[in-house]
*Asks:* 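Below is the structure I would like to discuss, written out as structure tokens.
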Amino acid sequence: CINLGSVLVVDGGSTDNTVSIAESLGATVVYNPYEYYAQQCNFALERVQTAWAFVLDADERIGERLAVSIEAAAPEAKWAAYWVTRRNYLFGKPIRHSGWSPDLNVRLLKVSLCSYDDRQIHPRLHVNGPEGSLEGPIHHFTYSTVAQYIDKLQSYTSYEVDARKQKQLVLDN
């Protein structure tokens with residue numbers, strides 16, 4: 001069982017009941033306007049009050065087997081960070097192939113030894129030390145509709161165009 005008093009929720013401007021639900025369960029909630037993922041994660045890591053953090057996005061859930069694996073790793077903590085398998089779901093169905101499966105991510109990390117690079121899309125986590133792995137997946141519920149998927153794809157495309165313009169790169173047609 002997770003001690004919700006040690007849970008930090010960084011809210012980037014949610015419009016649902018995230019803040020009230022988190023606070024009612026004893027989590028600490030801080031507001032930071034969402035700019036991009038790495039910025040939000042580094043903001044959170046600077047405010048973590050414990051030596052270790054498990055990074056979990058709003059559209060992700062920890063599987064039972066992973067929860068047991070986290071608890072088993074906690075007393076040991078011989079690694080600087082731990083890799084976790086993320087099981088992605090698209091339109092409610094698990095993705096079993098492609099670049100989304102298997103999908104490995106570092107999620108349990110020693111705060112003092114890790115930071116995200118400053119990329120707006122798909123940042124890398126830098127780990128200063130040895131890495132281990134945990135058993136069991138994070139369940140990642142990506143897009144529930146095609147419209148949601150298209151919106152995200154368009155935002156990534158717009159970002160990439162802007163980034164290339166800033167670097168004065170010429171796009172080949």
*Asks:* Is Q39 close to N32 at the side-chain level, that is, under 4.5 Å between some pair of heavy atoms?
*Replies:* yes
*Asks:* Flag the pair F54 / R107 as yes when at least one side-chain heavy-atom distance between them is below 4.5 Å, and no otherwise.
*Replies:* yes
*Asks:* Which pair of heavy atoms, one from A80 and one from C114, lies closest together, and at what distance?
*Replies:* O-SG, 3.9 Å
*Asks:* Minimum heavy-atom separation for Y37 and P123, please, with both atom names.
*Replies:* CD2-CG, 3.7 Å
*Asks:* If we ignore hydrogens and angles and just use 3.5 Å, is the side chain of S69 paired with the main-chain N or O of L66 as donor and acceptor?
*Replies:* no
*Asks:* Locate the shortest heavy-atom distance separating A38 from D117; write the atom from each residue and the value.
*Replies:* CB-O, 3.0 Å
*Asks:* What's the spacing between Y116 OH and Y36 OH if we round to 0.5 Å?
*Replies:* 14.0 Å
*Asks:* What distance do F141 atom CZ and N88 atom CG have between them, rounded to the nearest 0.5 Å?
*Replies:* 10.0 Å
*Asks:* Would you call the rings of Y143 and Y149 parallel, tilted or perpendicular, where under 30° means parallel and over 60° means perpendicular?
*Replies:* perpendicular
*Asks:* Locate the shortest heavy-atom distance separating K78 from P130; write the atom from each residue and the value.
*Replies:* O-CG, 4.3 Å
*Asks:* Can you check whether W100's main-chain N or O pairs, donor with acceptor, with S98's side chain at less than 3.5 Å?
*Replies:* yes
*Asks:* State the CG-CG distance between N128 and L109, to the nearest 0.5 angstrom.
*Replies:* 12.5 Å
*Asks:* To the nearest 0.5 angstrom, please state how far the CG atom of L134 sits from the CZ atom of R65.
*Replies:* 11.0 Å
*Asks:* Among the clusters formed by ILVMFWY side chains lying less than 4.5 Å apart, do W52 and I70 turn up in the same one?
*Replies:* yes
*Asks:* For R124, is the CZ atom crowded, meaning more than 12 foreign heavy atoms sit under 6.0 Å from it?
*Replies:* no
*Asks:* Residues two or more places apart in sequence or in another chain: which of them pass salt bridge (Lys or Arg N to Asp or Glu O under 4.0 Å) with D151?
*Replies:* none
*Asks:* Side-chain contact, heavy-atom cut-off 4.5 Å: N105 with V84?
*Replies:* no
*Asks:* Calculate, to the nearest 0.5 Å, the distance between atoms CD1 and CD belonging to I150 and Q148 respectively.
*Replies:* 11.5 Å
*Asks:* In chain order, what residues pass the salt bridge (Lys or Arg N to Asp or Glu O under 4.0 Å) check against R86, with sequence neighbours excluded?
*Replies:* E60, D103
*Asks:* Are R47 and F43 in a cation-pi setup, meaning NZ or CZ lies under 6.0 angstrom from the ring centre and within 45 degrees of the ring axis?
*Replies:* yes
*Asks:* Provide the closest heavy-atom pair for L45 versus V111 in the form atom of the first, atom of the second, distance.
*Replies:* O-CG1, 3.5 Å
*Asks:* Would you check if V146 and F91 make a side-chain contact, meaning some heavy-atom pair closer than 4.5 Å?
*Replies:* yes
*Asks:* Determine whether L125 and V48 fall in the same hydrophobic cluster, where Ile, Leu, Val, Met, Phe, Trp and Tyr are linked whenever their side-chain heavy atoms lie under 4.5 Å apart.
*Replies:* yes
*Asks:* Can you get from V68 to Y82 by hopping between Ile, Leu, Val, Met, Phe, Trp and Tyr side chains that sit under 4.5 Å apart?
*Replies:* no
*Asks:* Atom CG of D57 and atom NE2 of H140: how far apart are they, to the nearest 0.5 Å?
*Replies:* 6.0 Å
*Asks:* Test of understanding: clusters of I, L, V, M, F, W, Y form through side-chain heavy atoms closer than 4.5 Å, transitively. Do Y31 and V9 belong to the same one?
*Replies:* no
*Asks:* If every non-hydrogen atom of L104 is compared with every non-hydrogen atom of W83, which pair is closest and at what distance?
*Replies:* O-CZ3, 3.5 Å
